[in-house]
Amino acid sequence: MIKMISFITFLLVSAILAGCGGSSSQTSAVTGKVTYRQRIALPPDAVVTVTIEDVSKADAPADVIGQQVIETKGSQVPIPFTVPYDASKIEENHSYNLRATIKDGSNKLLFTSDTSVPVITRGNATKDVEIIVVPAGS
């Protein structure tokens with residue numbers, strides 16, 4: 001009787017796990033930190049947005065692959081981030097970049113990234129990526 005209950009339990013657990021594995025999306029993430037070189041504090045209502053973009057198409061807007069919006073709530077740089085993306089939608093022959101902005105509570109742009117930060121494909125990192133942002137024009 002105990003063997004029969006164990007076998008039925010095994011079948012049920014196997015069926016449940018098989019059902020969970022049927023999803024076609026595979027969530028992965030790019031992690032790292034956003035920072036800047038200026039010695040000034042962020043306002044307490046600052047919002048950091050980190051975006052993964054597919055920049056493979058010339059003369060076309062970049063496709064957003066993943067994004068994280070972080071309310072700093074008084075925290076200062078470096079600001080850690082984890083941007084999730086669907087790994088099943090990544091194409092190995094495409095190029096992906098990270099972009100970051102920091103805005104204040106009234107949506108005024110304070111800082112933005114101004115250099116390419118390649119990630120995911122072509123041997124580029126997905127962990128411990130640093131984005132250095134620069135002050136936005138006055």
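Since we're looking at a predicted model, the values are computed, not measured.
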Ser95 to Ser56 - nearest heavy-atom pair and separation: N-OG, 2.7 Å
Shared hydrophobic cluster, Ile79 / Ile40 (ILVMFWY, side-chain heavy atoms < 4.5 Å): yes
Minimal non-hydrogen separation, Ala46 against Ile102, with atom names: CB-CG2, 4.1 Å
Minimum side-chain heavy-atom gap Leu110-Pro43 below 4.5 Å: yes
Gln76 versus Ala41, closest heavy-atom pair with distance: OE1-CA, 3.3 Å
Val50-Ile90 co-clustered via ILVMFWY side chain contacts under 4.5 Å: yes
Heavy-atom check, side chain of Val30 versus side chain of Phe81, under 4.5 Å: yes
Nearest-0.5 Å distance, OG1 of residue Thr101 to CD1 of residue Ile131: 10.0 Å
Gln68 side, atom CD; Ile52 side, atom CD1 - distance, nearest 0.5 Å: 10.0 Å
NZ on Lys73 to CG on Leu42, rounded to 0.5 Å: 15.0 Å
Nearest-0.5 Å distance that lies between atom CD in Glu130 and atom CG in Leu98: 12.0 Å
Considering all heavy atoms, the nearest Val34-Ala100 contact: CG2-CB, 4.1 Å
Minimum-distance pair of heavy atoms, taken over all atoms of Ala62 and Glu53: CB-CB, 3.7 Å
Beyond-backbone contact of Val117 with Asn97, side-chain heavy atoms, under 4.5 angstrom: no
Shortest non-hydrogen contact from Pro44 toward Thr72: O-OG1, 3.9 Å
Non-hydrogen side-chain atoms of Lys57 and Asp63 separated by less than 4.5 Å: yes
Stepwise side-chain hydrogen bond (donor to acceptor under 3.5 Å, both in side chains) check, Thr121 with Glu92: CA-CA 6 Å; Thr121 57; Glu92 287 302 317; 5.6 Å; no
Point-to-point distance, once rounded to the nearest 0.5 Å, from NZ of Lys33 to CD1 of Ile132: 9.0 Å
Neighbour count above 12 (heavy atom, 6.0 Å) for Gln67 CD: yes
Cluster overlap Val133 with Ile70, hydrophobic side-chain contacts below 4.5 Å: yes
Test item: Arg99 side-chain N/O and Thr115 main-chain N/O as donor-acceptor pair under 3.5 Å: no
Min side-chain heavy-atom separation Phe111-Val77 under 4.5 Å: no
Spacing of Asp128 atom CG and Thr31 atom OG1 [to the nearest 0.5 Å]: 5.5 Å
Test side chain to side chain contact (heavy atoms under 4.5 Å, CB included) applied to His94 and Val55, Asp54, Ile65, the passing residue: Asp54
